[in-house]
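Computed from a prediction, not measured in an experiment: that's the story for all the values here. Side chains are part of it too, since the values below use all heavy atoms of this structure and drop only hydrogens, waters and symmetry mates.
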Amino acid sequence: MSSMTQNHAAMKRCSRTYTIVSTVYVTACGFYILAGAYLSLIMEGSLYHLINGPLFKGAVLAAGFLGTYKKSNLFAGLAPIIMFFNTVLFRNVDNYFDAFWGTVLPMKIDILYLFMTIALAVLTIIANAKYRYLEQQEGFPQFSEVFEQQKTGKPQYGETYIERIEKLRASSRGDMDGIPDDTPLMDESRPSIGQMDEI
């Protein structure tokens with residue numbers, strides 16, 4: 001397997017990782033943001049739900065998504081740090097989500113989100129390291145031999161039309177070189193048609 005093929009496969013794995021990580025962030029945090037905003041409205045402006053939902057989960061979502069979009073380890077690592085402070089700040093607060101998750105897992109939802117962001121940050125940082133390596137390799141980002149040959153103007157298969165025409169012209173000139181320029185087209189010693197009529 002060529003290095004171009006290996007790099008192409010590695011690039012696809014990086015793209016798949018970025019898609020999965022960003023999808024998890026958008027799904028998990030987006031749901032919490034919408035739910036927190038809704039609960040704040042029906043509870044007549046609950047400050048807790050606004051801070052814990054749109055503020056903290058929005059910051060986690062932004063950092064995690066930018067980690068994949070900008071291929072930035074800084075943003076990737078910032079997401080679990082924000083989530084850690086969110087968990088510590090509201091460690092003694094119970095809400096509807098904790099009551100729901102308590103029937104499934106013996107932990108608060110913020111702790112679950114903390115573990116999730118740590119795992120997603122690790123995946124993003126690994127993918128970013130591979131992406132930075134691939135950036136330095138020939139053929140980035142397509143890693144397609146056909147694309148590289150088209151880019152350099154070198155056809156992969158056969159000759160171009162112009163090259164074929166030039167070869168035909170060169171070979172036809174070569175065939176004609178053996179004929180002297182002063183070769184008569186007709187032998188002057190042969191009688192003309194008019195002379196034949198006189199016989």
Side-chain angles (χ1 to χ4, degrees), residues 1 3 5-137 139-143:
M1 183 182 294
S3 61
T5 304
Q6 291 176 340
N7 290 339
H8 178 73
M11 191 68 180
K12 287 181 70 174
R13 286 194 297 271
C14 287
S15 298
R16 192 180 306 117
T17 299
Y18 291 138
T19 301
I20 292 171
V21 170
S22 58
T23 301
V24 172
Y25 271 120
V26 169
T27 303
C29 294
F31 166 76
Y32 207 112
I33 291 168
L34 293 175
Y38 173 73
L39 289 173
S40 177
L41 287 175
I42 65 173
M43 294 181 179
E44 299 179 353
S46 170
L47 188 60
Y48 160 74
H49 287 100
L50 281 176
I51 296 175
N52 194 32
L55 182 61
F56 270 106
K57 300 308 187 293
V60 170
L61 170 59
F65 185 81
L66 288 173
T68 61
Y69 181 73
K70 291 185 172 291
K71 317 298 187 286
S72 169
N73 291 342
L74 175 63
F75 282 112
L78 192 59
I81 292 174
I82 296 171
M83 195 61 233
F84 172 76
F85 284 113
N86 183 188
T87 305
V88 171
L89 184 61
F90 296 106
R91 65 186 181 279
N92 295 322
V93 179
D94 291 323
N95 58 38
Y96 171 81
F97 299 109
D98 292 331
F100 173 77
W101 280 102
T103 62
V104 181
L105 297 170
M107 65 174 65
K108 295 171 68 69
I109 191 171
D110 285 344
I111 296 177
L112 180 66
Y113 270 51
L114 177 59
F115 289 144
M116 177 192 75
T117 54
I118 291 172
L120 295 177
V122 170
L123 288 175
T124 304
I125 290 170
I126 292 172
N128 287 346
K130 190 64 178 178
Y131 186 88
R132 297 304 176 204
Y133 166 78
L134 293 173
E135 277 184 323
Q136 309 303 319
Q137 306 308 306
F140 176 85
Q142 284 83 9
F143 294 114

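- In this structure, OH in Tyr32 is found 5.5 Å from CD1 in Ile109, a value given to the nearest 0.5 Å.
- Here the closest heavy-atom approach between residue Arg132 and residue Lys70 is recorded as NH2-O, 3.6 Å.
- The heavy-atom pair separating Ile33 from Gly58 by the smallest distance is CD1-CA, 3.5 Å.
- Taking the six-membered ring for Trp and the full ring otherwise, Tyr69 and Phe75 have centroids separated by 6.0 Å or more.
- Between Gly64 and Ala79, the shortest heavy-atom contact is N-CB, 3.9 Å.
- Residues Thr19 and Arg16 are not in side-chain contact: their nearest non-hydrogen atoms beyond the backbone lie 4.5 Å or more apart.
- Without hydrogens or angle criteria, Thr68 side chain to Phe65 main chain gives a donor-acceptor distance under 3.5 Å.
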Show, in sequence, the C-alpha distance, side-chain angles and deciding distance for Phe115 and Thr87, and conclude whether the side-chain contact (heavy atoms from CB on, under 4.5 Å) test is met. CA-CA 11 Å; Phe115 289 144; Thr87 305; over 6 Å; no

Would you sort out whether Ile118 and Met83 count as a side-chain contact (heavy atoms from CB on, under 4.5 Å), showing the intermediate values? CA-CA 9 Å; Ile118 291 172; Met83 195 61 233; over 6 Å; no

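- Counting heavy atoms from C-beta outward, Leu120 and Val24 have side chains that approach closer than 4.5 Å.
- Although no hydrogens or angles enter the test, the distance criterion places no donor-acceptor pair under 3.5 Å between the side chain of Asn52 and the main chain of Tyr48.
- A distance of 11.0 Å separates CZ of Arg13 from NE2 of His8, quoted to the nearest 0.5 Å.
- Side-chain N or O atoms of Thr117 include one that pairs as donor or acceptor with a backbone N or O of Tyr113 at under 3.5 Å.
- Distance CG/Asn86 to CG/Asp110: 4.5 Å, rounded to 0.5 Å.
- Summarising the geometry of Cys29 relative to Val60, their closest heavy-atom pair is SG-CG1, 3.9 Å, with the distance given to 0.1 Å.
- Of all non-hydrogen atoms in Thr23 and Thr27, the two that sit nearest each other are O-OG1, 2.7 Å.
- Residues Ala76 and Ala121 come closest through the heavy atom pair O-CB, 3.3 Å.
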Any chance you could lay out the side-chain contact (heavy atoms from CB on, under 4.5 Å) test for Leu134 and Phe143, step after step, and finish with the verdict? CA-CA 9 Å; Leu134 293 173; Phe143 294 114; 4.0 Å; yes

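- Phe140 has its ring centre no less than 6.0 Å from the ring centre of Tyr133.
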Before giving the answer on side-chain contact (heavy atoms from CB on, under 4.5 Å), spell out for Tyr18 and Asn128 the whole-Å C-alpha distance, their side-chain angles and the decisive distance to 0.1 Å. CA-CA 9 Å; Tyr18 291 138; Asn128 287 346; 2.6 Å; yes

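- Rounded to the nearest 0.5 angstrom, Met11 CE and Gln137 CD are separated by 12.0 Å.
- Atom-to-atom distance recorded for Ile125:CD1 and Ser72:OG is 9.5 Å, nearest 0.5 angstrom.
- Once rounded to the nearest 0.5 Å, the distance linking CD1 of Ile81 with CG of Leu114 reads 11.0 Å.
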